[in-house]
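To keep things clear, I will list the structure first and then write my remarks on it.
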Amino acid sequence: MEISKIYDPTAAEERWYKYWIDKGFFHSEPDGREAYTMVMPPPNVTGVLHMGHVLNNTIQDVLVRRARMQGKNTCWVPGTDHASIATEAKVVALLREQGISKHDLTREEFLKHAWDWKEKYGGIIIEQLKTLGCSCDWERVRFTMDDDLSAAVIEVFVDLYKKGYIYRGVRMVNWDPKGLTAVSDEEVIHKEVDSKLFYVRYKIEGTADEWITIATTRPETILGDTAICVHPDDKRYASLKGKKAIVPIVNRAVPIIYDEYVTMEFGTGALKVTPAHDVNDYNLGVKHNLEVIDIFEPNGTLSKAAQFYVGQDRFKVREQIGIDLEKAGNLVKTENIKNKLGYSERTNAVIEPKLSLQWFLKMDKVSKPALDNVLNGTIKLIPDKYINTYRHWMENVHDWCISRQLWWGQQIPAYYCKGQKKPECQQPVVSITKPEKCSHCGSDLRQDEDVLDTWFSSWLWPISVFDGFKEPGNKDISYYYPTHDLVTAPEILFFWVARMIIAGYEYLGKEPFSHVYLTGTVRDKIGRKMSKSLGNSPDPLDLIAKYGADGTRVGILLCSPAGNDLTFDELLCEQGRNFANKLWNSFRLIQGWEPVDIEPGNATVYTNWFENKLSEQIELIEKDFASYRLSEALMSAYKLTYDDFCGFYLELIKTTCGKNPPRKVFDATIGYLESLLKILHPFMPFITEEIWHQTKERSDKDCIIVAPYPKAGKYDAKLLANFELQKEYLKLIRGMRQQNNISPKIELTQLEPSSSDTLTAGVMKLSGTVYGKGSEGSLSFVLKDKKYLFSLPEGMEIDKGQEKDKLVKELEYQKGFLKSVDIKLSNQKFVTNAKPEIIQNEKNKKADAEAKIAAIEKQLQTMN
RNA sequence: GGGAGCUUAGCUCAGCUGGUUCAGAGCAUCUGCCUUACAAGCAGAGGGUCAUCGGUUCGAACCCGGUAGCUCCCACCA
């Protein structure tokens, strides 16, 4: 059968993915084997696959596939997240396009639209993950708003409320005027921006021309001012005690208060106080019993309470009020400054601090075990530099604002009495199901309008996907929990990872996972974060179409050390594709061989070598996996295949045996190829499966996806070191052949390094000009301190170079080295502090150097 | 404002307890080859004051300071 020179991934990838699912390789049920469990960080249901997902899910798939090949019962649970703000915003926008306003709909009507939308578009990312080759258990796919999962959320809310960890209160929250909801502290991104500092003077009440000047970046909030605050020690303002200032525009008299909170050095040392729109001002307001005037509507326009500019946007008002203040003679000056503003993570709107009634979870009640168990290593963060960050956050954690003024999500199970006939009626009733009537007065109840923060459902993910709440202690949860690895982005270490750990300890008393692998952020070639808005992210599906899923996976993995950001370049995918093709062609070569029944002879040397090499490299790859250095593991496998197997081993067999290798050699070679395929399978699942089935006839379940992962055998390090020289030699000969147009027969019969003639040949630099003095027909050289003698290919000439210079330099170097060893050995401090074996080591080095010096001197004498 | 980390070849990164396993890998570049597995290939070559200044040491990419640049996290000074 003719096999194509170029490997075409498309057909094979689709075929094998279906095959794996058909044969049930992805599905897991509890059994007697050791489990390997992983839950996928659920992508937003609205999402489409981007490079971050590719990175994240490729890493997960590599870990999962390797575990599966190691014989573990592997369960990778996929799913999607309802992402309340993002999804609701999308649905609202879609409805708007259809001319429907959210406010014209009832909650039920809106939710129906949202669910329709979810059914239609929600599965996209799931299908895309399949293209990438993710071996998830698709029979277990979950959505954070599935009935079971929502029920778990409600149950947890009620439970925490009963424990007294959840409370409702008026607090200053981060208000997103675009999303029209409160967001948590973690969802606010601070950015430095250029802004203007306005110096505004307020007249002192009852005086003709006495003023107090304040500095503010937000002059529009003047309308909500209820005090002026100065430092009690500030002499400039000492005389104003007990007086009042007149707020410009609104002409309201407000008290001048004294508080140490004010920095005397900043601005004018006087501060306007707007308790409704600044956290600090709010605190001052509470302390000094100030009036609170909320001048904004939820959407960021001015409310009636502002009296002026009603209905206009806050930023427009800021401009206008500057002009108006100037006209009125209140504006002293403006200054350009840089300050930091909070932006909403989801909508990018400038966050407005706003007082509102929200639900909170007291974090200090639940966070301790989550901190302790990361610090004591029960849960390992990879890389561990994140431990510090994690600790800092956990030690300073604020209460979590868990209510959102949205409809898409789990509605808060709190019920309020409509009648309010008795004082007790004011307390909300929190319960899993809606009570019929108010137990105090018998009135009807209404449910809290708000939904819970999305993270309030995803923090239960590792438990709820195994029905750990619905059916505590069920077969799945007891078998699969705790899970093993969690692969996610560092950005959500607090949003999600920390909270999952909290929930894990709170509800199961156990960590949800043992290792957290934090991936980097995918950046483009010039270091910018890849994002849709910048348009600098390639569409992963295009990459897969162009380079195959295997090539794309290799491409992203090659540049992804744990925790470091990675600069992605499409070139890497090309490298991946080329590698796949190389592998394919190595198979083509072997496939074209016809073994004969003769004894292997010399070829045994090569098979023996490769066996050793394989063991050495498998051991190395094991180590890389153990420390989660996936790109290193891949690189080792890449070099083993490309350089050692294709570039050297196959080349040698081909040269010595032609198309008819001895059967033993042939069988061994197939075996090596299979080992390589297995090692590569987690990285390149498709091509390896494809070749696996072409090497021989196989039964339907004999697939590489479940083939036993190779184990490292014993190997002879010395033999391998010698062969590295053989490789250099082979390359040398090839180079000679090409450059001199001669064709020496490649015969590597002298595989043992020559022990004689230590320095007679001098120093030869293999990669450059050949220096040497060897006799006709032989060549010796020094590499890594050892001398080797090989037969010289016919027709090759030795270039007699500056041998003497080299030797002189070597001599000087060795003498200098000897001196340093001597000094070290005579150094009291060193000797007293050093371990005995280090001293012995130094002594050996000294002896070596002395021997070399003697040899070089002798050599130089013979040359003179 | 506070904290963490980084800076090694054109690019992306290895480099453990300071030394003779220390200056490495892959990619890219250049040169020569379409040699029957593979041009998505083969052979060869060039390329680094290990950011910078100082210190410790017999010896520093590595340890300790200073400086510069970059990144990230946290934070309620208008």
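Reminder, nothing fancy here: chain letters follow the sequence lines and each chain counts from 1. Model, not experiment: these values are computed from the prediction.
Nucleotide B:rA14 holds its P atom 15 Å from the CG atom of A:Leu634, rounded to whole Å. Whole-Å rounding puts the A:Ile3 CD1 to B:rA40 P distance at 20 Å. A straight line from CG of A:Leu572 to P of B:rA28 spans 9 Å, rounded to a whole angstrom. A:Phe648 places its CZ atom 19 Å from the C1' atom of B:rC38, with the value rounded to the nearest Å. Spacing between atom CG of A:Asp643 and atom P of B:rC38 amounts to 19 Å, rounded to whole angstrom units. Remark: C1' of B:rG41 and CG of A:Leu650 are 14 Å apart, rounded to the nearest angstrom. The separation between A:Asp644 atom CG and B:rA25 atom P is 14 Å, rounded to whole Å. Spacing between atom CD of A:Glu570 and atom C1' of B:rA40 amounts to 14 Å, rounded to whole angstrom units.
Side-chain nitrogen and oxygen atoms of A:Arg629 include none within less than 4.0 Å of the OP1 or OP2 phosphate oxygen of B:rA25. Of the side-chain N and O atoms in A:Tyr638, one or more sit less than 4.0 angstrom from OP1 or OP2 of B:rC27. Applying the 4.0 Å criterion to OP1 and OP2 of B:rG5, one finds that A:Lys385 has every side-chain N and O outside that range.
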### Query
A:Trp400 and A:Asp185: side-chain contact (heavy atoms from CB on, under 4.5 Å), yes or no, with the steps?
CA-CA 8 Å; A:Trp400 175 13; A:Asp185 289 346; over 6 Å; no
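Nucleotides B:rG44 and B:rA68, compared at atom C1', are 40 Å apart to the nearest Å. Here the separation of B:rG66 from B:rU56, taken at their C1' atoms, is 15 Å to the nearest Å. Of the P atoms belonging to B:rA43 and B:rC34, the separation is 16 Å, rounded to the nearest Å.
Searching all strands for a Watson-Crick or G-U wobble partner of B:rU21 with both distances below 3.5 Å returns nothing. Remark: B:rA14 base-pairs with no nucleotide in the shown strands. Criterion, Watson-Crick or G-U wobble with two distances under 3.5 Å. When Watson-Crick and G-U wobble pairs are counted only if both distances are under 3.5 Å, B:rU67 pairs with B:rA51. Partner assigned to B:rA61 is none, using Watson-Crick or G-U wobble distances below 3.5 angstrom. Nucleotide B:rG1 is matched to B:rC74 when pairs are restricted to Watson-Crick or G-U wobble geometry with both distances under 3.5 angstrom. Using Watson-Crick or G-U wobble geometry with both donor-acceptor distances under 3.5 Å, B:rA43 finds its partner in B:rU31.
The two atoms that bring A:Pro275 and A:Leu355 nearest to each other are O-CD1, 4.3 Å, heavy atoms only. Minimum interatomic distance between A:Tyr282 and A:Val170 (heavy atoms only, all atoms of both residues): OH-O, 4.0 Å. Closest of all the heavy-atom pairs between A:Tyr390 and A:Ala498 is CE1-CB, 3.8 Å.
In the model, A:Lys272 has a side-chain atom that pairs as donor or acceptor with a side-chain atom of A:Thr221 under 3.5 Å. For the residue pair A:Asp259 and A:His231, no side-chain donor N or O sits within less than 3.5 Å of a side-chain acceptor on the partner.
Between the side chain of A:Asp234 and the main chain of A:Met264, no donor-acceptor pair closer than 3.5 Å is present. In this structure, A:Asn585 contributes its side chain and A:Arg588 its backbone to no donor-acceptor pair below 3.5 Å.
Among the atoms of the strands shown, only primed sugar atoms or phosphate atoms (P, OP1, OP2) are found under 4.0 Å from some heavy atom of A:Tyr642.
Residue whose closest nucleotide on RNA chain B sits further toward the 5' end, between A:Leu571 and A:Phe587: A:Leu571.
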Under 3.5 Å, which protein N or O atoms sit close to an N or O of nucleotides 73-78 of chain B? Give each pair with its distance.
residue	atom	partner	partner atom	Å
B:rA75	N6	A:Lys340	NZ	3.3
B:rC76	O2'	A:Asn280	ND2	2.6
B:rC76	N1	A:Asn280	OD1	3.3
B:rC76	O2	A:Asn280	OD1	2.1
B:rC77	O2	A:Thr263	OG1	2.2
B:rC77	N3	A:Thr263	OG1	3.3
B:rA78	O2'	A:Ala215	O	3.1
B:rA78	N6	A:Thr263	O	2.7
B:rA78	N6	A:Phe266	O	3.2
B:rA78	N1	A:Thr263	N	3.4

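For A:Glu594, the CD atom sits in a loose shell: 12 or fewer heavy atoms of surrounding residues, nucleotides or ligands are nearer than 6.0 Å.
Taking only distance into account, the side chain of A:Lys582 meets the base of B:rC38 through a donor-acceptor pair shorter than 3.5 Å. Residue side chain A:Glu632 does not reach the base of B:rA25 through any donor-acceptor N/O pair under 3.5 Å, judged by distance alone.
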